[in-house]
Enquirer: 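First the structure, which I've put down as C-alpha cells, then a few questions once you've had a look.
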Amino acid sequence: MSIVKINALSVPAEQREVLERRFASRAGAVEGSDGFEWFELLRPVEGTDQYLVYTRWRSEADFQAWMEGPMKAAHQGGGQGGGPAGGERPKPAATASQVWSFEVVQQTAPKQG
C-alpha cells in the first residue's frame, strides 16, 4: 500500500496568504513525479496555526527520489532575483516545519452509484 507524508507548517496569520500563493504558483510541480498519487494543502480553521501539506506516494523510494531530485532542485535555486545584484530568496512563510510519515493500512472510497 501507499505511504503518506504530512508536512506540518506553523504559519503566522499574516503569512497565510503568502504561503497559499507560493503553493498555487508551484501547481504542477509534483504531479509528474514517478510514484506520486495525491496532494492536498490543508488550511487550519480553528485552534492551530498549522497548515498540513498532505502527499501520498506509491512507496518510500518514490518519495525519496522526488525529495533528492525535483524538490531539492526547486528549493536550491528558487529565489527571486538570484543574480549578483543581490537578489535573495524570499523569507519562508512558515516559522516551523515537521514531517510525519505514515503507511496506508486501510482505505475506502465512496460507493459507485
Enquirer: Below 4.5 Å, heavy atoms only, C-beta onward: do Val11 and Gln15 meet side chain to side chain?
Expert: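 When only atoms from C-beta onward are counted, Gln15 and Val11 do touch, with a gap below 4.5 Å.
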Enquirer: Might you point out which heavy atoms bring Gln50 and Thr48 nearest each other, and give the distance in Å?
Expert: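 That would be N-OG1, 3.1 Å.
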Enquirer: Do Tyr51 and Arg43 make a side-chain contact, defined as non-hydrogen atoms from C-beta onward lying under 4.5 Å apart?
Expert: yes
Enquirer: Would you call Arg22 and Leu19 a side-chain contact if the rule is heavy atoms closer than 4.5 Å?
Expert: no
Enquirer: Any ion pair linking Asp49 and Arg16 (charged N to carboxylate O, less than 4.0 Å)?
Expert: no
Enquirer: Report yes if the side chains of Glu37 and Arg58 come closer than 4.5 Å at any heavy-atom pair, otherwise no.
Expert: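 SC-SC contact between Glu37 and Arg58 confirmed.
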Enquirer: Nearest heavy-atom pair of Asp62 and Gly35: which atoms, and what distance?
Expert: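 Reported closest heavy-atom pair: OD2-CA, 3.5 Å.
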Enquirer: Any side-chain heavy atom of Phe39 within less than 4.5 Å of one from Leu41?
Expert: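 In contact.
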Enquirer: Can you find a heavy atom in the side chain of Ser97 that is under 4.5 Å from one in the side chain of Asn7?
Expert: yes
Enquirer: Should the pair Glu40-Arg56 be classified as a salt bridge under the 4.0 Å nitrogen-to-oxygen rule?
Expert: no
Enquirer: Is it true that, when you exclude Glu103 itself, more than 12 heavy atoms of the residues, nucleotides or ligands shown sit nearer than 6.0 Å to its CD?
Expert: no
Enquirer: Given the rule that I, L, V, M, F, W and Y join up when any side-chain heavy atoms are under 4.5 Å apart, are Phe36 and Leu42 in one cluster?
Expert: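 The answer is no; the residues belong to distinct hydrophobic clusters.
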Enquirer: Quick one: pull up NZ in Lys5 and CD in Glu60 and give me the separation to the nearest 0.5 Å.
Expert: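 That separation rounds to 3.5 Å.
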Enquirer: For a 4.5 angstrom cut-off between non-hydrogen side-chain atoms, does Thr55 reach Trp66?
Expert: no
